[in-house]
Amino acid sequence: MGSLEEERTTVGWAARDPSGILSPYTYNLRNTGPDDVYIKVHYCGICHSDLHQIKNDLGMSNYPMVPGHEVVGEVLEVGSNVSRFGVGEVVGVGLLVGCCKHCGPCQSDIEQYCSKKIWSYNDVYVDGKPTQGGFAETMIVEQKFVVKIPEGLAPEQAAPLLCAGVTVYSPLSHFGLKERGLRGGILGLGGVGHMGVKIAKAFGHHVTVISSSDKKKQEALEHLGADQYLVSSDATAMQEAADSLDYIIDTVPVGHPLEPYLSLLKLDGKLILMGVINTPLQFVSPMVMLGRKSITGSFIGSMKETEEMLEFWKEKELSSMIEVVNMDYINKAFERLEKNDVRYRFVVDVKGSKLEQ
């Protein structure tokens, strides 16, 4: 943990209120403690959950808030107990920066389910100070929550993997959905959805993209490599696809009916919820009973799964579809993200941006 005796300052871009408008903000970082890694941020992806947080959609936001949890950067300094990382190495940080280390999930290396986990921003660290995220010049993170970015993986490409990528990889791994030949559905083709297509295809699955319109059909089939495209409002096509999928990764981050998608699942099929939704979802129970179907959820992934997924991504020579922007474009990027106007993930070039205005 960090020493409180000395602190350094850094500059990030923070939201001050639920308008969600970000602007430069100078704040303190703890000194590098024995287990800490001091990181110069190079790139940080923009996730839809950042939008929820800066706008207080979940009613739990504290300001000023520096968002950003898909962080890739360079090690500037390490604490005396840190042996896994060296100065100059390229590393990543995701959504978590702390956990209790003693509960069942922590002991089982699935610390993302620890009830005392500490978020990388909009939370309170063990020293009582607010955590701040990756839209900033530098960060200090305990070594447990830092991962090495494999050599040869471009840092801007790696950033979205630290949330969106592992969010898809984790449930496919956990629920035994890695074997070749499975038929999967990806509901919603945004940042997480496009990762879902890439990863499921790399596992050798037959992948159907399910969307509310045919706007992204060409991209899904030609650019992302999906096998099939289904428009959810096309009743005939939905009926023809009934009982055809082993699983559906549901990435939609707003309220939507579940029954049309449950009907697409085979016996024992799984609907895996990924979107952060702040309104209740509804379905009638026979929809799950009559096919022994499951509605479940999954939350990011563990540090071990993150490392595994990064190696898998490199081994399969996959690439994210990203749009790199500078920090002075970030408010526009959030506006566009809210309208789903991005293919498929914004990544902020923090290193190449002037943070102080």
Side-chain angles (χ1 to χ4, degrees), residues 7-17 19-30 37-55 61 63-77 87-95 97 119-122 130-141 146-147 149 153-165 190-191 319-339 341-357:
E7 291 187 328
R8 38 166 78 95
T9 60
T10 194
V11 180
W13 275 48
R16 283 4 191 248
D17 56 51
S19 72
I21 301 295
L22 272 60
S23 58
Y25 170 60
T26 300
Y27 54 100
N28 292 331
L29 290 179
R30 67 181 183 273
V37 181
Y38 181 39
I39 301 164
K40 178 178 174 58
V41 179
H42 286 187
Y43 293 93
C44 186
I46 301 180
C47 177
H48 201 281
S49 62
D50 293 326
L51 193 56
H52 284 306
Q53 293 283 11
I54 61 175
K55 290 185 173 288
S61 297
Y63 303 97
M65 178 201 302
V66 177
H69 60 259
E70 297 180 337
V71 183
V72 174
E74 177 188 346
V75 177
L76 294 179
E77 183 181 39
V87 172
E89 288 186 336
V90 180
V91 296
V93 179
L95 193 51
V97 294
W119 309 93
S120 56
Y121 70 89
N122 195 35
T131 58
Q132 301 289 9
F135 298 133
E137 193 175 36
T138 51
M139 289 180 83
I140 296 232
V141 182
V146 178
V147 293
I149 302 298
L153 196 53
E156 66 275 20
Q157 281 282 325
L161 301 178
L162 298 167
C163 174
S319 62
S320 328
M321 288 179 72
I322 58 174
E323 182 175 337
V324 178
V325 299
N326 279 347
M327 191 69 83
D328 58 10
Y329 189 80
I330 197 166
N331 291 310
K332 182 69 177 171
F334 273 118
E335 265 180 49
R336 286 179 52 196
L337 177 60
E338 200 162 20
K339 297 172 187 162
D341 174 26
V342 56
R343 299 293 183 271
Y344 282 92
R345 200 68 156 184
F346 284 116
V347 175
V348 178
D349 178 359
V350 180
K351 182 185 174 189
S353 298
K354 187 173 183 290
L355 298 191
E356 297 180 70
Q357 297 284 301

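Since the model is a prediction, treat every value here as computed from it, not as a measurement.
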Residues in side chain to side chain donor-acceptor pair (under 3.5 Å) contact with Arg16, at least two apart in sequence or another chain: Ser23

Which heavy atom of Val66 sits nearest a heavy atom of Ala136, and at what distance? CG1-CB, 4.3 Å

Can you give me the closest heavy-atom contact between Tyr121 and Gln53, atom names plus distance? OH-CG, 3.6 Å

Contact summary for Pro64 and Gln132, nearest pair of heavy atoms: O-NE2, 3.2 Å

Please tell me if the side chains of Val347 and Pro160 come closer than 4.5 Å, counting only heavy atoms from C-beta onward. yes

Distance, nearest 0.5 Å, that separates CD of Glu89 from CD1 of Ile39: 11.5 Å

Spacing of CE belonging to Met65 relative to CG belonging to Asn122, to within rounding of 0.5 Å: 4.0 Å

In terms of ring plane angle, is the pair Phe135 and Phe334 parallel, tilted or perpendicular, where the classes change at 30° and 60°? perpendicular

Taking Asn326 for the side chain and Asp328 for the main chain, is one N or O donor matched with an acceptor at less than 3.5 Å? no

Looking at Thr131 and Trp119, would you say the former's side chain and the latter's main chain have a donor-acceptor pair under 3.5 Å? yes

Supply the atom-to-atom distance Ile54 CD1 to Ile330 CD1, rounded to the nearest 0.5 angstrom. 7.5 Å

Please give me the minimum heavy-atom distance between Gly134 and Val350, naming the atom from each residue. O-CG2, 4.0 Å

Basic-acidic side-chain contact under 4.0 Å: Glu74, Lys351: no

Check Val93, Val72, Leu95 against Leu162 for a side chain to side chain contact (heavy atoms under 4.5 Å, CB included) and give me the one that passes. Val72

Is there a side-chain contact between Ile46 and Val342 in this structure, where contact means two heavy atoms from C-beta onward sitting under 4.5 Å apart? no

For Glu338, the salt bridge (charged side-chain N to carboxylate O under 4.0 Å, His left out) test, sequence neighbours excluded, returns none

In terms of heavy-atom contacts, Val71 and Cys44 come closest through CG2-SG, 3.9 Å

With distance as the sole test, does Arg336 use its side chain to make a donor-acceptor pair with the main-chain N or O of Asp341 at under 3.5 Å? yes

Taking Glu323 for its side chain and Phe346 for its backbone only, find out whether a donor-acceptor pair lies under 3.5 Å. no

Distance-only, no hydrogens or angles: does the Thr10 side chain make a donor-acceptor pair with backbone N or O of Thr138 under 3.5 Å? yes

Looking at CD of Glu137 and CG of Leu29, how far apart are the two atoms once the value is rounded to the nearest 0.5 Å? 9.5 Å

Under 3.5 Å, is there a donor-acceptor pair between the side chain of Asn331 and the main chain of Leu22? yes

Donor-acceptor side-chain pairing of Thr26 and Thr9 below 3.5 angstrom: no

Considering all heavy atoms of both residues, which atom of His48 and which atom of Leu337 are nearest to each other, and what is their separation? CA-CD2, 4.0 Å

